[in-house]
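Notes follow once the structure below has been shown.
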Amino acid sequence: MIQKISLANLPTRIDKLERLSEDWGINLFIKRDDQTGSELSGNKIRKLEYLLKHAIDNNYDTLITTGGIQSNHCRATAVAATMLGLKCELLLRSGDNPKIEGNYFIDRLLGAGINFCNADEYRDSRDEIMNKIGERLFKERGSKCFIIPEGASNALGSLGYYEAMSEISEQEKLTGTVFDTVVVAVGSGGTYSGLCTANKELSLGKRVLGFAVASDREYFTNKIHNINVEAGEIAGLKSVFTEDDIEINDKYIGIGYALSRPEELAFIRHIASREALILDPVYTGKAMYGLYNEIKEGKVPCGSNVLFIHTGGLFGLFPKQDQFVF
Ligand SMILES: *Cc1c(COP(=O)(O)O)cnc(C)c1O
């Protein structure tokens with residue numbers, strides 16, 4: 001069995017959303033992975049528990065990773081590094097002089113090393129740039145740098161969500177409620193991958209529905225399939241993973257990654273006022289808006305048990321507050 005360190009508050013709660021269940025004609029439950037911690041909140045911690053075990057065991061002293069200026073993953077990595085006495089260096093996709101707010105504010109508060117790149121560099125050469133940063137830090141201070149890919153979405157990281165799916169299965173046994181469908185936002189694919197591999201390997205028979213928030217269905221199906229296969233190899237799983245195991249819906253990306261339409265923000269307001277459930281604009285807000293619309297179109301059976309995984313992202317809501325209309 002592959003080992004991890006313990007950083008997250010686990011298991012996370014599962015609660016029924018009574019009012020939305022009634023409004024939408026399904027039994028809607030929420031798994032509070034936004035409550036894996038406060039500074040360390042969200043889904044990235046489960047993946048980092050595995051990656052950081054590897055980093056510590058191999059005597060790395062610096063973590064390098066990358067994401068958008070408001071990346072939850074970069075913030076979680078900076079927090080985890082600091083907690084463990086490691087250094088952290090971030091490559092952030094940004095324009096000039098980004099406002100110090102939200103996740104980026106936390107990155108700065110913690111004293112993470114900050115490097116910027118533009119959108120083209122991010123798309124074409126982020127891994128190369130991270131390698132160069134690692135070489136520079138080795139020259140400057142002899143650092144041994146561990147490079148974590150975007151979103152910590154590789155085979156090792158995905159095991160965090162394999163474990164989360166086992167946790168869900170245990171919670172089903174305790175409560176007697178079995179979930180027909182598990183719903184999650186998909187940004188870099190590692191979370192979906194772990195849920196999907198566990199669903200197959202443990203024969204849980206669930207529909208695992210992912211709502212893309214960035215690239216299209218084809219891109220994610222391919223990327224997730226690759227992670228599934230590699231995770232199967234490193235963890236010694238017996239299942240054969242195919243692209244047919246993967247269900248990605250890309251109809252609710254809206255106007256683009258981290259960009260919000262007025263109807264999405266109005267929906268976040270509605271959910272907050274109905275259930276005191278606060279979704280983020282980049283991931284969970286879009287995914288739940290997608291779920292709501294799919295239910296309306298009859299694509300999720302009436303009366304079925306649906307578990308939505310709240311993957312966090314609260315810090316990313318505050319930089320958007322001026323876009324909300326009250
Ligand atoms: C990163 C992130 C996701 C998506 O997870 P991936 O593993 O990158 O697909 C979903 N929600 C939040 C809040 C995130 O930060």
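Counting starts at 1 for both ligands and their atoms, following the listed order. Remember, it's a predicted structure, so these values are computed and weren't measured experimentally.
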TODO: Check whether any N or O atom of Y192, backbone or side chain, sits under 3.5 Å from an N or O atom of ligand 1, and answer yes or no.
DONE: no

Open item on the list: Please report the interatomic distance OG(S260) to CG(L265), rounded to the nearest 0.5 Å.
Closed with: 4.5 Å

Open item on the list: Please report whether ligand 1 has a polar contact with N72, defined as an N or O pair separated by less than 3.5 Å (distance criterion only).
Closed with: yes

Open item on the list: I need the contact type for N43 against ligand 1. Using non-hydrogen atoms and a strict under-4.0 Å cut-off, is it side chain, backbone, both or neither?
Closed with: side chain

Open item on the list: Can you tell me which portion of A152 lies within the under-4.0 Å heavy-atom range of ligand 1? Options are side chain, backbone, both, or neither.
Closed with: neither

Task: N/O separation below 3.5 Å, V186 to ligand 1 - done: no

Open item on the list: Given 3.5 Å as the limit, does a donor-acceptor pair link the side chain of T36 with the main chain of G42, or not?
Closed with: yes

Open item on the list: Tell me if the aromatic rings of F308 and F29 count as close, with their centers under 6.0 Å from one another.
Closed with: no

- [ ] Please answer: with hydrophobic residues joined when any side-chain heavy atoms are less than 4.5 Å apart, are L48 and L84 in the same cluster?
- [x] yes

Open item on the list: Angle between ring planes, F267 versus H270, binned at 30° and 60°: parallel, tilted or perpendicular?
Closed with: tilted

- [ ] Find all atoms of ligand 1 within a distance of less than 4.0 Å from any non-hydrogen atom belonging to G313, and give their numbers and elements.
- [x] 13 (C)

TODO: Could you list the atoms of ligand 1 found under 4.0 angstrom from a heavy atom of G187?
DONE: 4 (C), 6 (P), 8 (O), 9 (O)

Task: Side chain, backbone, both or neither: H73 near ligand 1, heavy atoms under 4.0 Å - done: neither

- [ ] Measure the distances from the heavy atoms of G312 to every atom of ligand 1 and state whether one is below 4.0 angstrom.
- [x] yes

Task: Electrostatic pair D23:R19 at N-O distance under 4.0 angstrom - done: no

- [ ] Ignoring angles and geometry beyond distance, decide whether D280 reaches within less than 3.5 Å of ligand 1 through its nitrogen or oxygen atoms.
- [x] no

Task: L52 and I148, any side-chain heavy atoms less than 4.5 Å apart - done: yes

Open item on the list: Show the atoms of ligand 1 that are less than 4.0 angstrom away from any heavy atom in T311.
Closed with: 10 (C), 11 (N), 12 (C), 13 (C)

